[in-house]
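Each chain gets a letter, A, B and so on, in the order its sequence line appears, and its residues count up from 1.
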Protein chains: 4
Amino acid sequence: MDVSIAAAVREVIAAHGYGGLTVDAVALSAGVSKATIYRRYSSKQEMTFAVLLHDLEEVPPADTGSLHGDLTALARQIAAQVSGPGGDTLSSLLADIRADPNLRARFEQTFIAVERGIITTVLDRALARGELAARPDPVLVQALLLGPLYTWLVVLDEDPTHTTDLADLVATMATTALAAGALPATIRSRSNRSR
Amino acid sequence: MDVSIAAAVREVIAAHGYGGLTVDAVALSAGVSKATIYRRYSSKQEMTFAVLLHDLEEVPPADTGSLHGDLTALARQIAAQVSGPGGDTLSSLLADIRADPNLRARFEQTFIAVERGIITTVLDRALARGELAARPDPVLVQALLLGPLYTWLVVLDEDPTHTTDLADLVATMATTALAAGALPATIRSRSNRSR
Amino acid sequence: MDVSIAAAVREVIAAHGYGGLTVDAVALSAGVSKATIYRRYSSKQEMTFAVLLHDLEEVPPADTGSLHGDLTALARQIAAQVSGPGGDTLSSLLADIRADPNLRARFEQTFIAVERGIITTVLDRALARGELAARPDPVLVQALLLGPLYTWLVVLDEDPTHTTDLADLVATMATTALAAGALPATIRSRSNRSR
Amino acid sequence: MDVSIAAAVREVIAAHGYGGLTVDAVALSAGVSKATIYRRYSSKQEMTFAVLLHDLEEVPPADTGSLHGDLTALARQIAAQVSGPGGDTLSSLLADIRADPNLRARFEQTFIAVERGIITTVLDRALARGELAARPDPVLVQALLLGPLYTWLVVLDEDPTHTTDLADLVATMATTALAAGALPATIRSRSNRSR
DNA sequence: ATATAAGCGAGACGGTACGTCACGTCTTTGT
DNA sequence: ACAAAGACGTGACGTACCGTCTCGCTTATAT
């Protein structure tokens with residue numbers, strides 16, 4: 001049942017785009033009643049969130065022995081994830097997530113924080129190896145890795161087939177900056193953590 | 001009239017968020033009839049686009065005499081623009097833009113292309129100065145500058161007050177990469193240009 | 001539900017006249033949503049038609065034993081029906097019906113044709129009794145009976161309390177004309193039947 | 001100017017029916033601005049009223065020497081008038097007239113009362129000739145003459161080409177009834193005159 | 001002869017109602 | 001007992017038309 005709902009969501013998005021995603025259409029396509037959907041998800045956004053963001057695997061990449069290797073693997077992993085759904089879906093989904101405080105929190109915890117943890121792990125490895133003197137702000141690294149890739153696809157609407165190349169480039173740049181100690185331990189106050 | 005509509009749009013968004021943006025509410029707040037709004041904009045999205053993206057000034061920064069200086073100025077300019085509206089507004093607006101082919105094209109031409117032109121100008125200056133041997137792909141530079149800033153605010157939901165610091169960091173990294181000749185002349189095929 | 005809609009329609013017409021009949025007002029008064037109304041009726045006119053012309057009973061009057069008696073009963077029945085709603089409602093309703101080909105056809109079949117059938121029945125009885133030699137055109141009889149009554153109320157805007165007297169008069173005149181064989185079997189070509 | 005407006009009204013009605021009659025369309029078709037129309041007529045209904053009911057000549061028919069002849073001439077005159085515009089126009093126009101108290105009064109005075117005056121004239125002639133003993137209620141006669149004709153066209157939607165035949169029939173029936181003294185001097189109270 | 005006012009075309013405007021759509025809730029029906 | 005079917009209230013959308021209005025332009029008259 002949940003499977004058919006998930007399949008239906010993807011089907012409808014594929015057919016009519018995120019904007020054409022309708023609960024009725026999902027119910028129809030899944031051969032399921034709307035009530036059944038709402039028994040599982042409290043809103044259309046919850047449903048979409050659950051379906052589309054469920055299987056993003058967020059595991060730390062294997063230790064490649066070098067910071068550059070680790071970052072490259074990580075950037076490629078991010079690139080692969082972000083290339084999955086269409087840019088339209090990604091932007092709409094993010095908009096929906098931001099509009100709902102509940103989803104926002106879950107998104108934060110489920111993906112942002114997890115990815116940040118992975119970044120921290122990678123940085124810690126580099127520290128242990130002696131490649132880094134101090135651990136820079138993982139949020140900064142996250143913005144530097146994820147930012148260009150996400151923007152490439154969603155804002156600039158560029159070719160998704162080149163995200164891997166972009167990932168390599170971004171990883172190299174980040175490595176260089178990290179090695180040079182260009183990234184401070186923190187750039188931000190903790191003020192907006194309370195949001 | 002157009003002014004009062006614009007003011008009303010901003011007012012309503014400030015009061016109820018982008019999700020609470022209603023044409024009727026805008027009409028009411030602007031002291032204008034709905035018909036008048038639709039006489040100007042063919043849809044709510046057109047209206048929002050016109051109002052929120054109208055006055056983003058996109059002028060090339062003054063020549064600072066060095067690539068690093070130029071890129072820093074440019075990144076700060078981007079940061080200032082992107083920090084203007086709330087992250088929610090930004091993400092929703094982008095989603096709406098991507099959902100409408102017409103808006104999409106206008107967004108592409110009005111902002112992406114213009115900003116890319118500015119980047120090209122800055123790179124050409126560096127070439128003229130001899131700071132660069134070849135002109136790298138401006139789209140890459142755009143992704144590297146805009147990406148972290150946009151993501152910082154919209155995806156990671158971080159503190160907007162630190163975008164300037166992040167801009168400086170990003171400009172420095174980009175300068176380093178450019179000086180090292182790390183950015184290829186092109187990373188992408190021209191295939192998706194026809195979209 | 002249908003009942004409350006019907007009641008609401010009549011209520012709103014009573015309060016604000018046919019011209020003040022608004023779907024929103026009906027919905028409000030019925031404690032029902034506009035969507036519910038449009039789920040039942042495809043337009044405001046369909047709704048009004050259904051509500052106001054639903055319960056007009058069109059049964060042949062009991063055989064009184066004479067053509068004059070039958071026609072009198074019939075004319076009074078028509079008078080009673082036509083006196084029901086206000087003249088304003090009647091004229092506006094008819095205008096709306098004529099403006100919509102669909103309603104027009106249904107009106108024709110549901111009321112005009114049914115009433116004509118009743119007239120035919122009455123005429124056939126008279127034929128069987130030997131009161132008539134040949135059966136005259138029922139449409140003529142219909143025009144002669146219905147015409148003065150409808151016009152009295154709707155065009156001339158005269159007192160509805162006298163329709164019964166007028167009905168008797170009209171029935172007597174029709175009887176006289178029929179007995180004298182003054183009404184031809186047909187006055188019209190069949191040309192406009194195809195409309 | 002007034003002429004072109006009148007022509008435009010008829011044109012638009014011919015092209016799109018009474019329901020498609022729009023002030024903008026009239027203005028466009030007449031090559032005139034909407035303001036000019038509203039300078040002449042205070043509403044769309046006034047305009048239509050003025051244009052469509054302006055030239056209905058209501059003069060007493062020549063004395064034919066007999067009541068039957070006079071009534072036949074009168075009935076034919078009515079039939080001609082009523083056959084002019086389409087049944088749709090007639091019914092919608094009447095509905096609009098009834099909805100507006102001002103138009104209603106003018107309609108009453110301009111057409112109903114005038115026609116009634118003509119009927120009175122005809123009846124007076126018959127009285128003078130000795131064909132009638134007493135003068136019956138002219139309103140009754142009006143209902144008997146106008147009713148079947150109007151209903152034939154507007155309610156029953158029958159062939160307009162046969163209105164002349166129907167007029168003759170109606171005139172004959174009315175003559176018979178009048179000669180027999182079947183029509184009372186009054187059927188109605190004066191109560192609703194104050195409406 | 002020119003100024004001045006009146007009428008005009010063009011068309012924007014406020015308002016009101018229409019009919020549509022989707023969300024999320026609910027009742028009914030059948031298995 | 002649970003799920004499919006589907007009706008319902010809510011609320012926003014975009015459209016159409018009415019009657020009002022302002023803006024220039026023309027034209028006819030009066031000084």
Report each atom pair, protein N/O against N/O of nucleotides 25-31 of chain E, whose distance is under 3.5 angstrom.
none

Closest contact, heavy atoms only, C:Ser29 versus C:Glu11: OG-OE2, 3.3 Å
On a heavy-atom basis, which atom in B:Tyr38 and which in B:Ser43 lie closest, and how many Å separate them? CE2-CA, 4.0 Å
Grab the [atom1]-[atom2] distance between [X] and [N] for me, whole Å please.
X        : N      : atom1 : atom2 : answer
B:Arg40  : E:dG11 : CZ    : C1'   : 12 Å
C:Glu46  : E:dC18 : CD    : P     : 15 Å
B:Ile37  : F:dA12 : CD1   : C1'   : 13 Å
C:Tyr41  : E:dT20 : OH    : P     : 16 Å
A:Asp2   : F:dA3  : CG    : C1'   : 13 Å
D:Asp100 : F:dC18 : CG    : P     : 15 Å
D:Met47  : F:dG19 : CE    : P     : 9 Å
D:Leu28  : E:dG9  : CG    : C1'   : 12 Å

If you define the side chain from C-beta out and look only at heavy atoms, does anything of [X] sit under 4.5 Å from [Y]?
X        : Y        : answer
C:Val9   : C:Met47  : yes
A:Asn102 : A:Glu46  : yes
D:Leu156 : C:Ile112 : yes
C:Leu53  : C:Ile97  : yes
D:Arg10  : D:Leu52  : yes

Per C:Lys44 side chain, nearest of listed nucleotides F:dA4, F:dG19, E:dG19: E:dG19
Look at the side chain of B:Thr36 and decide which nucleotide, out of E:dC23, F:dG19, E:dC13, has an atom nearest to it. E:dC13
Over 60° means perpendicular and under 30° means parallel, so tell me whether A:Phe111 and A:Phe49 are parallel, tilted or perpendicular. perpendicular
Can you list, in residue-number order, the parts of residues 11-22 of chain D that come under 4.0 Å of DNA chain E, counting heavy atoms only? none
Extract all donor-acceptor atom pairs below 3.5 Å that involve side chains of residues 88-95 of chain A and protein atoms in other chains or at least two apart in sequence.
from: A:Asp88; atom 1: OD1; to: B:Arg98; atom 2: NE; distance (Å): 3.4
from: A:Asp88; atom 1: OD1; to: B:Arg98; atom 2: NH2; distance (Å): 2.8
from: A:Asp88; atom 1: OD1; to: B:Arg104; atom 2: NH1; distance (Å): 3.4
from: A:Asp88; atom 1: OD2; to: B:Arg104; atom 2: NH1; distance (Å): 3.1
from: A:Ser91; atom 1: OG; to: A:Gly87; atom 2: O; distance (Å): 3.2
from: A:Ser91; atom 1: OG; to: A:Asp88; atom 2: O; distance (Å): 3.0
from: A:Ser92; atom 1: OG; to: A:Asp88; atom 2: O; distance (Å): 3.0

Side chain to side chain contact (heavy atoms under 4.5 Å, CB included) filter on D:Thr36, not counting sequence neighbours, yields D:Met1, D:Val32, D:Ser33, D:Arg39, D:Arg40
Would you tabulate the side-chain donor-acceptor contacts of residues 18-26 of chain A under 3.5 Å, counting partners in other chains and residues two or more places apart, or write 'none'?
from: A:Tyr18; atom 1: OH; to: A:Asp96; atom 2: OD2; distance (Å): 2.6

If you pin A:Val23 and D:Met1 to their nearest nucleotides in DNA chain E, which one's is more 5'? D:Met1
Select from C:Ala30 and A:Ala27 the residue whose nearest nucleotide in DNA chain F is closer to the 5' end of that strand. A:Ala27
Taking OP1 and OP2 of E:dC8, is either one under 4.0 Å from a side-chain nitrogen or oxygen of D:Ser33? no
Could you run down the sub-3.5 Å N/O contacts of the protein with nucleotides 23-28 of chain F?
none

Atom CD of D:Glu108 and atom CG of D:Leu103: how far apart are they, to the nearest 0.5 Å? 12.5 Å
